[in-house]
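To start, the structure itself, in structure tokens.
In this text the structure is predicted, and so the values were computed from the model without any measurement.
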Amino acid sequence: MYHALALVAVGLLAVARPASRALDLAGWAFFAGTLLFSGSLYALALSEARWLGAITPFGGVSFLVGWAALAAHRPGAVAKPGEIGEV
């Protein structure tokens, strides 16, 4: 749940200042984390493929990378009113 809210926050921040590598990395990391972590757990629960459990930690690491990238984003990098969309 918190990762989905973080992904929404990344999207809102990216609208304010789209040229941020930290936000790009955070967005992709949260997306990959959701696919790898949740996707592997769903697939593990619905199938007998036990090897999918080995993929789950990669999703957790992706979430950690996403949080670190979001924390590395400088709050001062957000655009001022009238600058939205400018690079």
Side-chain angles (χ1 to χ4, degrees):
M1 173 83 172
Y2 292 110
H3 305 297
L5 293 176
L7 193 53
V8 169
V10 167
L12 292 174
L13 287 170
V15 167
R17 178 69 94 194
S20 174
R21 288 184 180 170
L23 285 179
D24 287 346
L25 176 62
W28 283 109
F30 283 125
F31 178 72
T34 301
L35 287 179
L36 293 173
F37 188 83
S38 299
S40 66
L41 289 178
Y42 279 119
L44 183 64
L46 297 174
S47 71
E48 296 294 323
R50 295 288 174 217
W51 61 270
L52 290 169
I55 296 173
T56 307
F58 292 107
V61 170
S62 294
F63 282 139
L64 291 173
V65 169
W67 284 113
L70 188 57
H73 174 67
R74 294 179 295 124
V78 177
K80 297 175 186 161
E83 288 185 336
I84 294 177
E86 294 179 13
V87 178

Test side-chain contact (heavy atoms from CB on, under 4.5 Å) applied to His73 and Leu25, Leu23, Val10, the passing residue: Leu23
Leu70 vs Leu13, side-chain contact (heavy atoms from CB on, under 4.5 Å): CA-CA, chis, key distance, verdict: CA-CA 10 Å; Leu70 188 57; Leu13 287 170; 4.2 Å; yes
When clusters are formed by joining ILVMFWY residues with side-chain heavy atoms under 4.5 Å apart, either directly or through shared neighbours, do [X] and [Y] land in the same one?
{"X": "Trp51", "Y": "Leu36", "result": "yes"}
{"X": "Leu46", "Y": "Leu41", "result": "no"}
{"X": "Phe30", "Y": "Leu5", "result": "no"}

Phe37 backbone acceptor or donor facing Ser40 side chain under 3.5 Å: yes
Spacing of CG belonging to Leu35 relative to CZ belonging to Phe58, to within rounding of 0.5 Å: 15.0 Å
Spacing of CD1 belonging to Ile55 relative to CG belonging to Leu44, to within rounding of 0.5 Å: 9.5 Å
Nearest heavy-atom neighbours spanning Ala26 and Gly66: CB-O, 3.6 Å
Neighbour count above 12 (heavy atom, 6.0 Å) for Trp67 CH2: yes
